[in-house]
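Residue numbering restarts at 1 for every chain, and letters A, B, ... go by the order of the sequence lines.
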Amino acid sequence: MPDNIFSLPKTYEFKDTESRVYQDWESRGYFKPSNDPSYPDHDPSKKPYVISIPPPNVTGELHLGHAMFVSMEDLMIRYHRMRGIPTLWVPGSDHAGIATQLQVEKHLLRTEEVTREEIGREKFLELTWAWKEKYGDIITNQIRRLGASCDWERQRFTLDNGLSNAVREAFVRLYEKGLIYRGPRLINWSPGLKTAVSDLEVEYSEEQGKLYFFKYLISGSDDYLPVATTRPETILGDTAVAVHPDDERYKAFIGKKALVPILGREIPVIADEYVDMSFGTGSLKITPGHDPNDYAIGEKHNLPIISILDKDAKVTEAGGPYAGQDRLEARKNLWKDMYAAGLVIKEEDYLHTVPRSQRGGEIIEPMISTQWFVTIKPLAEVALEAVKDGRITIIPDHFTKVYYNWMENIEDWCISRQLWWGHRIPIWYCPDGHMTTGREDPSACSHCGNTELEQDPDVLDTWFSSGLWPFSTLGWPENTPDLRYFYPTTMMETGYDILFFWVARMIMMGLEFTGQVPFDTVYLHGLIRDEIGRKMSKTTGNVIDPLTVMDEMGTDALRFTLLVGSTPGKDMNLSLDKVRANRNFANKLWNAGRFVISALQNVPADATNGPNYTTADAWIWARQKQLRRSVENLFQNHQYGEAGRQIYDFFWSEFADWYLEIAKLQIAEGGDRAFYTADVLVSVLDTCLRLLHPFTPFITEELWGRLKSAAVAVSTKIGLQDTIGGNWPEALIIAPWPDPLPEEGWESRAVRDFSKLQDIVRAIRNQRAEKNVKPTVRIHAILSTGNEAFEDLRKDAGVIANLAGLDENAFSLVASLEEKPAGHISLVAGGVEIYLPLADLTDPAEEKARLEKSLAEVENQIARLENLLGSAFAEKAPVNIVA
RNA sequence: GGGCGGUUAGCUCAGCUGGUUAGAGCGUUGCGUUGACAUCGCAAAGGUCGUUGGUUCGAGUCCAAUACCGCCCACCA
């Protein structure tokens, strides 16, 4: 058969379709905002819907986390676009300091066997930019494949000129305001990466270690304080031993001097309530240089700080004989020497938490280092308020508490990183140690005028620039038309795992620099795990590659799975079975569409008489209306998954399973019946495609285009009911959204009538199956309807007969029956008595059981009704429920 | 230590402001391919909704307690 307008290919070729459809959308400019502020006809009063993409790592490769947020945000964008709202989705990528630098370093080492130190900063940055140019498009092209309808002409990169300018402005403003300071503090040092990292970049893992007990000798006596530690090497940096002031055992030692093992340094025994008398030995060694708690105690007691580890985590000169040894090596050697010196008491197995780098996995070393910090409390207070007073809504709600908790206990943010790839800190030092900053690079020291300036070698934390993302991408600090119109943005959709890293910082920085919240809603999705709930990781080997999934089953199937399988804030386990099921759904869509389109060639272009609808027509129309109301309600509440599920169910188990089957009969009747049936078919299919478009954009666009062509070829009067606006739009992506229609009185009646019909058909099918009547065999039946329902059911007798496999010639429908026909089994369904001539095939015992079961059901129902009448139910329950 | 989430069919999970008989996918059983679809259809089996108590005419849904699993934050040597 030729591939004409009424004949679709048997299978949906998603690969060809996806790239063709995407290119078409993009080239026609559908991704651009409909009310662009740079155009003369711009209407500033139309409120836009704006999302800034969570910028992926520029050298990254697509994983399911990307697939998740792209699907979700694209759904939101497409929905609003179809509602006629000017939408903007700003794409871009992040330079991702550490991640990218590591990747390039690894590459250099592998290919040219050089380190970054060997080639120098300038050359290294040059190579990294080249790397970015080469690989930077990979991720954005992969995001395109997912169907992302973002405005690519507004694509940004955190290191591009505009955004670098924004970073400079932000830094200078904070500095001038006194909210940025530099100083030696105890920070988290990553010896492998050789940079400081923020508190958030440290993860704690519970590990089996040892607790080492040893003697702290008291100077000038034979007494000692027993002390326990998990890290003996830090003994080298001890500057005090602390006991609880009320501890009777050790009171006498307070104020005396203790001797650091091996080194023999004298350090004071101090009293501090921080010490827990009941834990360990009850006395605590204090290493302010390498432990956050000890640092705090050290500050309080004015203790000196000794750094015993350098940037490679090797022991410094302060470690005497152990200088130059690695931290673990020193631990072993020191302990051995202490053992020899008789200072060891014992070792015990001990489960403790070890700080590890989120990136490299190596042990993080707390140490004293001079770094840049943001005084965060003033920013946090404002950001806290914005959520508390409802200017920002977090979905799901329970993350609001998590946000509060973090904001209320926030610590200053270490923003300097000892890396090269990133925004270099805009501070210059003169030989006298003065610091100069500025929006332009200074030529002389602002304090002494010295022109010998040297810029701080460090760069800013990647999240410093991402924190500006919602407004820097729109042109800030310039007051651009985009910034004026699109800012504040509407929706921040991202994973809950970066609530603190990113979302919280955008809120703080947005409020600080623009005086406005950067977005009004935060929607947090969950993480994607494998099908048994494990985190996906390369080492476990359970990673599902979205690209492979798309290749095998299509983008729509993957999107639908991610969107419908997820609930806000909850992790989802992804299994390929689910994707497969949704690929089957796409197939179902295609075939149903194929049927509707091919059916169109057999219908007249117009009706000769006014509208005349069947029970099935009224039913599917009513259900379609109900669906639209429900979907709208769910969308308003951000329950996209449930909305998708309902559309899926409606399409498959109502439209395809029932209406399509009946439509075949109605079209075969020809004439007006065929015309009106086609009208309903096309209208309902059209509605479904529109509702599904945000979920599965490709197949719906493709099918809709074909449906439109076929419908238009037949008649201008088919398929243009209600909202749809009177004529076919140019493309589905910009077609009007099926708005909810007000409920009308006839709807519930139509649904009830049809479900009666379904009950009857199901009951007969059930008996046929039980009695093993071949599907092709048409059987006789008598339906006794009662007077009331008789006329209604008579209209649908043909439908019942066809769907239930009854012989139309030997099938009788009567209002009442004098006596029960012999040799028939009887059923009751949909308020109708049904007699089927299947008694011969019936085992009496089975039949008895069946009847008893149905009797029990009837009794149950009577009991319920009686209960209803007698109880307070009728009095207290609302009328619509009672009815 | 503080906080949060989960516990529903064999498996993986939905179930919104409490409302008739608790759903889906996969799996299982039986039957079935002359034009929408075997990536399918028809029929079916399968659940004391973790446990206990409470509120209510009515609880998977709300409240309290409890058990188990998971996550986040803090980080007592």
Whole angstroms only, please: what is the [atom1]-[atom2] distance between [X] and [N]?
| X | N | atom1 | atom2 | value |
| --- | --- | --- | --- | --- |
| A/Lys401 | B/G5 | NZ | P | 7 Å |
| A/Asp397 | B/C4 | CG | P | 12 Å |
| A/Tyr204 | B/A74 | OH | P | 7 Å |
| A/Leu827 | B/A43 | CG | P | 14 Å |
| A/Tyr496 | B/C73 | OH | P | 10 Å |

- Item | A/Arg629 atom CZ, neighbour heavy-atom count above 12 within 6.0 Å | yes
[X] with [Y]: basic N within carboxylate O range, under 4.0 Å:
| X | Y | result |
| --- | --- | --- |
| A/Asp759 | A/Lys756 | no |
| A/Arg768 | A/Glu770 | no |
| A/Glu207 | A/Arg356 | yes |
| A/Lys664 | A/Glu661 | yes |

Could you tell me whether [X] contacts a base, only the sugar-phosphate backbone, or nothing, with contacts defined as non-hydrogen atoms closer than 4.0 Å?
| X | result |
| --- | --- |
| A/Asp276 | base |
| A/Asn293 | sugar-phosphate |
| A/Val275 | base |
| A/Arg765 | sugar-phosphate |
| A/Phe399 | nothing |
| A/Thr353 | base |
| A/Arg580 | nothing |
| A/Thr567 | sugar-phosphate |
| A/Phe560 | nothing |

For [N] and [M], measure between their [atom1] atoms and round to the nearest Å.
| N | M | atom1 | value |
| --- | --- | --- | --- |
| B/G47 | B/G27 | C1' | 16 Å |
| B/C16 | B/G2 | P | 30 Å |
| B/G15 | B/C62 | C1' | 16 Å |
| B/U34 | B/G30 | C1' | 24 Å |
| B/A9 | B/C13 | C1' | 11 Å |
| B/C63 | B/C72 | C1' | 26 Å |
| B/G6 | B/U61 | P | 12 Å |
| B/U55 | B/U12 | P | 36 Å |

Identify the pairs formed between an N or O of the protein and an N or O of nucleotides 31-36 of chain B at a distance under 3.5 Å, and give each distance.
residue : atom : partner  : partner atom : Å
B/G32   : OP1  : A/Lys774 : NZ           : 2.6
B/A36   : OP1  : A/Lys664 : NZ           : 2.7
B/A36   : O3'  : A/Arg594 : NH2          : 3.2
B/A36   : O2'  : A/Asn591 : OD1          : 2.9
B/A36   : O2'  : A/Arg594 : NE           : 3.3
B/A36   : O2'  : A/Arg594 : NH2          : 2.8
B/A36   : N7   : A/Lys664 : NZ           : 3.2
B/A36   : N6   : A/Ala656 : O            : 3.2
B/A36   : N6   : A/Glu661 : OE2          : 3.2
B/A36   : N3   : A/Asn591 : O            : 3.2
B/A36   : N3   : A/Ala592 : N            : 3.2

- Message: Suppose we screen for side-chain contact (heavy atoms from CB on, under 4.5 Å). Which residues come up paired with A/His398, at least two apart in sequence or across chains?
- Response: A/Pro396
- Task: Decide if the gap between the ring center of A/Tyr224 and the ring center of A/Tyr216 is smaller than 6.0 angstrom.
- Result: no
- Query: Less than 6.0 Å separating the ring centroids of A/Tyr496 and A/Phe399?
  - Reply: yes
Any-strand Watson-Crick or G-U partner of [N], both distances under 3.5 Å:
| N | answer |
| --- | --- |
| B/G1 | B/C73 |
| B/A43 | B/U29 |
| B/C68 | B/G6 |
| B/U56 | none |
| B/U61 | none |
| B/U20 | none |

- Task: Determine: side-chain N/O of A/Asn584 to OP1/OP2 of B/G25, distance under 4.0 Å, yes or no.
- Result: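 So the side-chain polar atoms of A/Asn584 never come under 4.0 Å of the phosphate oxygens OP1 or OP2 of B/G25.
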- Short side-chain N/O contact to B/G41 OP1/OP2 from A/Trp652, under 4.0 Å: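 Yes, because at least one side-chain N or O of A/Trp652 sits under 4.0 Å from OP1 or OP2 of B/G41.
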- Geometric class of the A/Phe279/A/Tyr350 ring pair [parallel <30°, tilted 30-60°, perpendicular >60°]: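 Plane angle over 60°, so perpendicular.
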